[in-house]
Amino acid sequence: MIGIADEQGALADLVAETYHAFAEGGALSKSPQYEYRPQQQELASEIAQTLIAQRSLVAEAGTGVGKSLAYLIPSIKYAIESGKKCLVSTHTINLQEQLLNKDVPLAAKLLDVPVTYTLLKGRQNYLCPTRLKRALQGRGDLFTSSEAMELKRVYEWSLETEDGTLSDLDFKPSYKVWQQVCSEADLCSQKRCGSNGKCHYQEARKRANDSQVIILNHNLFFSLLDLDVSDEIEGFLFQRDFIVFDEAHTLENVAAKQLGLNISAGGLRMELNKIFNSRNKKGVLRSAQRLDLAPSVEAVLDHAGEFFDAVSEAVFPDGDHLNGRPQSEVRVREPDLVENTLGAPIQRLRMELSGIVEDTEDEMLQSEVNDAVRRLGEVQEGIAQFLNMEDEHSVYWAEPPRGDFGSMTLRSAPIDIADRLRSVLFSGKRSAIMTSATLSVSGGDLQYYKRRVGAEYASELVVGSPFDLATQMETYVASGMSEPNSQHYGQDLTTWITAFLQYCGGRAFVLFTSYRDMMLVSEQVQKLCGRNGWDCFVQGTGSSRQAMLEGFRQSENGVLLGTDSFWTGVDVPGEALSNVIIARLPFEVPSHPVVQARLEDIKNNGGNSFMDYSLPEAVLKFRQGVGRLIRSGKDKGKVLILDSRVVTKKYGSTFLDCLQPSPVNFVKSVNELER
């Protein structure tokens with residue numbers, strides 16, 4: 001065991017062991033699955049040193065370094081010897097599955113040690129058998145006939161599932177049905193559900209308590225994190241643990257989203273319908289035989305409609321509508337936007353529901369009602385916080401309905417997350433390791449990222465990619481392309497994209513910064529693909545993101561047109577993806593309330609909002625987009641940059657520097673492309 005009093009000796013041992021394990025001819029080289037990479041060896045050694053010293057690290061490691069093994073090998077060794085838990089947090093489900101099914105088992109095999117590990121999901125992902133039993137008993141009071149059929153399918157699945165989570169279901173149940181059978185804090189407790197050994201959440205919780213490595217996502221981590229944790233505690237989620245954030249480039253935005261408000265009219269309506277649905281006369285009130293309280297539920301619904309209508313009238317200007325619906329988020333700058341006509345009706349309903357708890361001895365019904373009271377209380381408190389704008393360091397805004405079934409949403413987020421993260425992630429005896437392929441802005445400088453997340457005093461490391469980008473990737477810059485504000489931009493965009501696709505034979509991602517631009521060119525791209533017999537995938541036209549990716553991977557000459565979610569977290573190695581087209585430099589829309597507030601905050605503190613935020617954010621996303629192309633040592637391909645500002649603007653060199661050492665060809669017209 002590593003003793004704190006003997007840190008220097010332990011440091012030398014673990015670092016030396018890690019360094020030699022990753023060396024040519026080292027312990028890991030005995031496995032045919034291992035390939036020596038000096039960058040991986042350097043990263044692993046630095047992580048080992050960080051853990052022993054109980055400090056934090058920001059580490060950029062280029063694509064192909066093998067980050068997962070570089071942090072898993074020293075982390076597992078340290079976890080075993082110190083008795084601390086290793087938390088590994090990711091942004092994407094794909095990486096979680098890779099860690100769970102491939103990387104952690106491989107690390108254990110290479111280390112030749114038994115390792116206990118598990119994937120932890122948010123508790124509402126887990127089926128609660130006790131709640132399922134209750135729902136089945138009361139299905140006549142709670143569900144319509146079609147919902148009861150869904151419940152029956154869930155029950156049949158429950159008899160066979162070992163995982164017990166929503167992702168294991170072979171169909172997607174309605175929100176209402178799943179909300180009646182999933183694990184909830186007030187309803188699914190160790191006392192009530194843990195004793196029978198069949199509760200999936202309680203089993204997952206036990207596995208986590210018994211595991212040395214716990215895999216989770218950033219959203220869940222921040223939802224569980226105690227922001228007031230003492231510096232004396234040596235852990236984040238457990239008494240003694242440390243954390244590795246993979247895909248750490250998403251950390252700031254995920255943390256800001258998780259630590260803010262999110263109150264939707266539709267969400268409140270669904271909560272009220274669970275209590276009592278006047279249309280089908282189902283709900284908790286019917287189970288409790290308290291239909292006399294139905295008018296109180298209806299009163300909250302009526303007041304909710306009036307309240308959100310008032311917000312809409314106050315926030316969305318007449319000119320910001322298309323087909324009768326507002327199109328963009330609107331920032332709220334002053335408190336008391338509208339009168340809080342919803343707080344009192346919610347409070348009355350909560351008090352009346354609490355009376356049910358006092359009048360019944362049915363423990364499960366008590367828990368169901370208490371859960372409804374708690375949820376309504378969260379909405380009540382959130383609305384008050386939004387209207388009062390209690391946190392002067394947060395930005396507040398309203399989002400219009402999205403899609404056919406969307407509803408208005410009231411949102412807030414911290415403007416600068418650094419202060420909150422600095423004290424909880426990077427203080428005391430806790431170790432936090434942040435790694436990604438894209439954390440530096442220019443020349444390996446990590447200061448921008450470190451400032452954004454409050455990691456100014458963390459150690460840092462930058463290791464490049466082992467790939468030979470000088471021979472594997474070739475870049476074209478359309479220097480003759482009209483700028484985005486030009487009247488010819490739309491036509492030029494279509495001309496360049498179709499010409500380049502024809503030149504390179506498809507097998508391409510075309511990445512856009514706006515849905516409008518994508519749809520502007522999609523018709524001509526689809527016609528081109530049809531003429532050539534290529535498959536074409538356009539985001540937002542019916543298929544899910546995952547279905548589009550799977551179809552593209554299987555296609556011989558596919559073309560995929562995508563926006564924000566395809567710039568990052570997408571891995572398509574091999575010839576299927578041989579070309580990437582960047583339609584426009586990915587500057588964030590300055591009108592979005594969060595971006596707007598961040599820019600104002602920088603300016604108010606004497607900074608330059610463009611140089612200190614807009615440019616570095618665009619560069620990081622640009623690097624992510626270009627990084628979709630070369631995913632293995634055997635990949636080869638071309639990148640086309642369709643934004644002439646990399647040539648005409650002074651800041652353009654910052655983007656061009658990201659392309660090194662790939663050769664860059666400047667082409668003024670499509671005629672210069674080789675035929």
Ionic contact status for [Y] with [X], cut-off 4.0 Å:
| X | Y | result |
| --- | --- | --- |
| R331 | E600 | yes |
| E184 | R374 | yes |
| K274 | E368 | no |
| D362 | R134 | yes |
| R623 | E60 | yes |
| R153 | E150 | no |

Looking at [X], I'd like to know if its [atom1] atom is crowded, meaning that more than 12 non-hydrogen atoms belonging to other residues, nucleotides or ligands lie closer than 6.0 Å.
| X | atom1 | result |
| --- | --- | --- |
| L224 | CG | yes |
| Y175 | OH | yes |
| K257 | NZ | no |
| Y155 | OH | no |

Under 3.5 Å donor-acceptor, [X] side chain and [Y] backbone:
| X | Y | answer |
| --- | --- | --- |
| S89 | H218 | yes |
| Q385 | L261 | no |
| Y449 | A248 | yes |
| R131 | C182 | yes |
| N101 | E97 | yes |
| S544 | A547 | yes |
| R207 | L119 | no |
| W178 | Q124 | yes |
| T435 | A59 | yes |
| K85 | N209 | yes |

Can you give me the closest heavy-atom contact between [X] and [Y], atom names plus distance?
| X | Y | value |
| --- | --- | --- |
| Q212 | P114 | OE1-O, 3.8 Å |
| T50 | S56 | CG2-C, 3.9 Å |
| P616 | Y448 | CG-CE1, 3.5 Å |
| T409 | S264 | OG1-CB, 3.5 Å |
| L599 | Y613 | CD2-CD2, 3.6 Å |
| W397 | E329 | CD1-CB, 3.7 Å |

### L251/F222 under side-chain contact (heavy atoms from CB on, under 4.5 Å): CA gap, chis, key distance, verdict
CA-CA 10 Å; L251 211 60; F222 285 108; 3.8 Å; yes

### Query
Relative to each other, are the rings of F236 and F221 parallel, tilted or perpendicular (30° and 60° limits)?
perpendicular

### Task
Go through the steps for E247 and T92 under the test side-chain hydrogen bond (donor to acceptor under 3.5 Å, both in side chains), then give the verdict.
CA-CA 8 Å; E247 300 177 310; T92 61; 2.9 Å; yes

Quick check for you: to the nearest 0.5 Å, what is the distance between [X] atom [atom1] and [Y] atom [atom2]?
| X | Y | atom1 | atom2 | answer |
| --- | --- | --- | --- | --- |
| T118 | L100 | OG1 | CG | 7.5 Å |
| N94 | L99 | CG | CG | 11.0 Å |
| K77 | L72 | NZ | CG | 13.5 Å |
| L620 | L439 | CG | CG | 7.5 Å |
| K133 | S158 | NZ | OG | 12.5 Å |

### Intermediate values then yes/no, side-chain hydrogen bond (donor to acceptor under 3.5 Å, both in side chains), T161 and D168
CA-CA 7 Å; T161 181; D168 189 48; 2.6 Å; yes

### Message
Please determine whether side-chain contact (heavy atoms from CB on, under 4.5 Å) holds for the pair L151 and L136, giving the CA-CA distance in whole Å, both sets of side-chain angles, and the decisive distance to 0.1 Å.
### Response
CA-CA 7 Å; L151 185 68; L136 288 166; 3.7 Å; yes

### Message
Run the side-chain contact (heavy atoms from CB on, under 4.5 Å) test on L425 and R430 for me, step by step, so that the C-alpha distance in whole Å, both residues' side-chain angles and the decisive distance to 0.1 Å come before the verdict.
### Response
CA-CA 7 Å; L425 288 187; R430 298 178 289 273; over 6 Å; no

### Task
Please name all residues satisfying side chain to side chain contact (heavy atoms under 4.5 Å, CB included) with D416, sequence neighbours left out, ordered by chain then number.
A418, D601

### Task
Mind checking side chain to side chain contact (heavy atoms under 4.5 Å, CB included) for A79 and listing every partner two or more places apart, or none if nothing turns up?
C86, F242

#### Entry: side-chain contact (heavy atoms from CB on, under 4.5 Å), paired with V254, selected from N219, L259, I417
N219

Side-chain contact, heavy-atom cut-off 4.5 Å: [X] with [Y]?
| X | Y | result |
| --- | --- | --- |
| R375 | Q179 | yes |
| L57 | E46 | yes |
| L69 | D103 | no |
| I263 | L268 | no |

### Task
Scan residues 446-458 for pairs that pass salt bridge (Lys or Arg N to Asp or Glu O under 4.0 Å), counting only residues two or more places apart or in two chains.
E252-R452, R422-E456, K450-E460

### Task
Evaluate the side-chain hydrogen bond (donor to acceptor under 3.5 Å, both in side chains) criterion for residues R123 and S183: first the C-alpha distance (whole Å), next the side-chain angles of each, then the deciding distance (0.1 Å), finally the verdict.
CA-CA 6 Å; R123 70 181 302 150; S183 176; 3.1 Å; yes

#### Entry: Stepwise side-chain hydrogen bond (donor to acceptor under 3.5 Å, both in side chains) check, S459 with R55
CA-CA 8 Å; S459 300; R55 51 182 170 79; 2.6 Å; yes

Side-chain donor/acceptor pairs under 3.5 Å, residues 386-393, sequence neighbours excluded:
| from | atom 1 | to | atom 2 | distance (Å) |
| --- | --- | --- | --- | --- |
| N388 | ND2 | A384 | O | 3.1 |
| D391 | OD1 | H393 | N | 2.9 |
| D391 | OD2 | S394 | OG | 2.9 |
| D391 | OD2 | R420 | NH2 | 2.5 |

## Note on the structure
With sequence neighbours left out, the residues meeting salt bridge (Lys or Arg N to Asp or Glu O under 4.0 Å) with E588 are none

### Task
For K121, enumerate each residue passing the salt bridge (Lys or Arg N to Asp or Glu O under 4.0 Å) test, keeping only those at least two apart in sequence or located in another chain.
none

### Query
F245 and T250: side-chain contact (heavy atoms from CB on, under 4.5 Å), yes or no, with the steps?
CA-CA 10 Å; F245 290 106; T250 64; over 6 Å; no

### Query
With a distance cut-off below 6.0 Å to the six-membered ring centre and an angular limit of 45° from the axis, does R628 pair with F566 as a cation-pi contact?
no

